[in-house]
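In what follows, a single structure is set out as structure tokens and then discussed.
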Number of protein chains: 2
Amino acid sequence: MTETKDENKESQILEAAKNVFQRKGMDGARMQEIADEAGINKALLHYYYRSKQMLFEAVFIKAFSLLAPQLNKVLNDDSSIEEKIRNFTENYLSFIIKHPYLPSFILNELNRNPDFLLKMKANKGFPNLDKFKKQVNLEVEQGILKPIKAEQLFINIVALNIFPFLASPLIKAFANVDDAAYQQLLVDRKTEVAIFIIDSIKIKS
Amino acid sequence: MTETKDENKESQILEAAKNVFQRKGMDGARMQEIADEAGINKALLHYYYRSKQMLFEAVFIKAFSLLAPQLNKVLNDDSSIEEKIRNFTENYLSFIIKHPYLPSFILNELNRNPDFLLKMKANKGFPNLDKFKKQVNLEVEQGILKPIKAEQLFINIVALNIFPFLASPLIKAFANVDDAAYQQLLVDRKTEVAIFIIDSIKIKS
DNA sequence: ACATTTGTTAACCAAATGGTTAAACCATAC
DNA sequence: GTATGGTTTAACCATTTGGTTAACAAATGT
């Protein structure tokens, strides 16, 4: 129905597993349901991926590898902090709007099992704040930015971008908006969020 | 170990259930584990709360009822938007630091089953943005605040306050800080977040 | 042609799990 | 004391679930 026509069974299974795991989480997912969604026999799952745990890890690592490098890319390019914020907000929101379950999936499973991160950290391409930190400190000294700790700024940027995807049912209920209106709010945020952050931290000249 | 000495079995069970459900989620939780944590027989769980589903709903509703009214209180008092932001940030962060699993638990389970919100919405005391919206619009007209939609501002406030509790393992890994340092970051946010928001939206005189 | 490896399936299995039952326990009332 | 009602437990049950097996089909190599 979506993509991955039929290349090979392996990625066809992975696609089905991704859908089920992201909907139900590791604990809620059933191997039978994944098999059904992939249109194959349950035993075949175990033929390709030995166990539920291994299938899950394959899905998780793929999802994480999709999300993390983008973050890294923006953090480590040569633009100013202001540009970084604009780029990140624009790119990341566009990306997540296409994969709305990703953030929730990844954060949940990391909470469930933080040790995962140890495996991930080994990979190079694992996001790293060093350059961003130096840059923030420098721009603060130069009087471009108001004093703020790089870590706090980083949390704020990520929070403003990702949170609406973690809490959509709740926000929809509180703000009394329907799906279409919420979708529009999200699109608006592609520019709104960057403005919001920059207005907060930039010293006007 | 914590509170609820021994009042009655019912709340003793609820306390144990809360702990297990918040750690493991509905799907990951086991009735046996809840029974063990409550120091009772598994059959007794079913004696007090007929099924896992009912026990879960009792826990969930209690958690939600703890979180929601606070939000409502701040939104609907008579202070200015600026004061509301300060109050909310200060109060909510203090509260959540004491119950760090709550946000993750509630958001997860709502994503898993958004229909829950219909039940919740029936309760009076369910948070409502009407007053907040009017107030934002008014202060924008009066030139106190820069133009911003109330919904977006609301999302931003909640995101900045809650997100660090949803993503703690991830942020710790990215920012390379240990538990103690992270705890300190959270405490700092009690004032930092309010400043960050107000700097962004307030028109300087 | 045929042997060998790879892919696929239906049937099966053992463990885990939510839930039930029937008996025991223990207060309080008579 | 013992009848009565709620409380608690050990043992049990049916179903679900992850995983295996053994047979079969389809490629692939020779």
Side-chain angles (χ1 to χ4, degrees), chain A residues 1 3-63 105 108-109 111-113 115-116 119, chain B residues 1 4-63 105 108-109 112-113 115-116 119:
Chain A
M1 193 183 299
E3 67 280 283
T4 45
K5 41 228 132 157
D6 220 19
E7 318 167 341
N8 55 18
K9 275 278 153 62
E10 209 157 326
S11 66
Q12 183 183 337
I13 291 176
L14 216 56
E15 173 72 16
K18 185 197 78 183
N19 291 332
V20 176
F21 277 131
Q22 286 191 6
R23 278 203 308 269
K24 309 281 184 78
M26 168 66 173
D27 291 326
R30 296 289 159 250
M31 292 299 268
Q32 187 59 58
E33 191 179 350
I34 295 174
D36 291 347
E37 183 136 343
I40 57 167
N41 187 287
K42 184 162 67 91
L44 204 56
L45 288 184
H46 289 90
Y47 179 76
Y48 282 103
Y49 302 85
R50 294 261 294 261
S51 66
K52 188 186 183 184
Q53 180 65 28
M54 283 177 175
L55 177 53
F56 175 80
E57 291 193 13
V59 168
F60 184 87
I61 288 171
K62 195 181 166 196
F105 172 66
N108 270 338
E109 301 301 337
N111 279 329
R112 220 179 43 91
N113 180 10
D115 294 339
F116 253 127
K119 284 185 205 165
Chain B
M1 195 181 300
T4 46
K5 38 226 131 164
D6 219 16
E7 319 168 341
N8 55 18
K9 275 281 151 60
E10 209 157 327
S11 64
Q12 183 184 338
I13 291 176
L14 217 56
E15 174 71 16
K18 186 196 78 184
N19 290 333
V20 176
F21 278 131
Q22 287 190 4
R23 277 201 308 267
K24 308 282 185 80
M26 168 67 174
D27 291 326
R30 298 286 159 251
M31 292 298 267
Q32 186 59 59
E33 190 179 351
I34 295 173
D36 291 347
E37 183 133 346
I40 57 166
N41 188 286
K42 184 163 65 91
L44 205 57
L45 289 184
H46 290 89
Y47 177 76
Y48 282 103
Y49 301 85
R50 296 260 293 261
S51 65
K52 186 185 184 185
Q53 180 65 27
M54 284 176 174
L55 177 54
F56 174 78
E57 290 192 14
V59 168
F60 184 86
I61 288 171
K62 195 181 166 195
F105 172 66
N108 271 337
E109 301 300 337
R112 219 180 44 92
N113 180 9
D115 294 341
F116 253 127
K119 283 185 206 167

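Naming: A, B, ... by sequence-line order, numbering from 1 per chain.
- Residue contacts shown for A:Tyr48 are limited to sugar-phosphate atoms, with no base heavy atom under 4.0 Å away.
- Here the nucleotide nearest the side chain of A:Lys9, chosen from D:dT9, C:dT8, D:dG18, is C:dT8.
- Residue B:Arg30 has a polar side-chain atom (N or O) positioned under 4.0 Å from OP1 or OP2 of C:dG18.
- Nucleotide D:dC13 holds its P atom 17 Å from the NE2 atom of B:His46, rounded to whole Å.
- Comparing D:dG19, C:dT21, D:dT8 against the side chain of A:Met31 picks out D:dG19 as the nearest.
- Rounded to whole Å, atom P of C:dG18 lies 16 Å from atom CE of B:Met54.
- Heavy-atom minimum distance, B:Ala58 versus B:Leu14: CB-CD1, 3.9 Å.
- Atom CG of B:Asp27 and atom P of D:dT16 are 16 Å apart (whole Å).
- The interatomic distance linking A:Leu45 (CG) with D:dT17 (P) rounds to 14 Å, in whole Å.
- Within the 3.5 Å criterion, the main-chain N or O of A:Gly39 finds no donor-acceptor partner in the side chain of A:Asp36.
- B:Ala29 comes within contact range of the sugar-phosphate backbone alone, with a heavy-atom separation under 4.0 Å but no base atom that close.
- If you take CD of A:Glu10 and C1' of C:dT8, they are 15 Å apart, rounded to a whole angstrom.
- Atom CD1 of A:Ile34 and atom C1' of D:dG18 are 11 Å apart (whole Å).
- Qualifying salt bridge (Lys or Arg N to Asp or Glu O under 4.0 Å) partners for B:Lys62, counting only residues two or more places apart in sequence or in other chains: none.
- At whole-Å resolution of the value, OH in A:Tyr49 and C1' in C:dG7 are 15 Å apart.
- Regarding contacts with the backbone of C:dG19, every side-chain N or O of B:Lys52 stays at 4.0 angstrom or more from both OP1 and OP2.
- The residue among A:Tyr47 and A:Asn41 whose nearest nucleotide of DNA chain C lies closer to the 5′ end is A:Tyr47.
- Note on A:Lys42: every side-chain N or O is 4.0 Å or more away from OP1 and OP2 of C:dT9.
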Steps toward salt bridge (charged side-chain N to carboxylate O under 4.0 Å, His left out) verdict (A:Lys52, A:Glu57): CA-CA 9 Å; A:Lys52 188 186 183 184; A:Glu57 291 193 13; over 6 Å; no
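- Note: A:Phe60 and A:Phe116 have parallel aromatic rings, judged against thresholds of 30 and 60 degrees for the angle between ring planes.
- Here D:dT9 presents its P atom at 6 Å from CG of B:Leu44, a figure rounded to the nearest Å.
- OP1 or OP2 of D:dG19 has not a single side-chain nitrogen or oxygen of A:Arg50 nearer than 4.0 Å.
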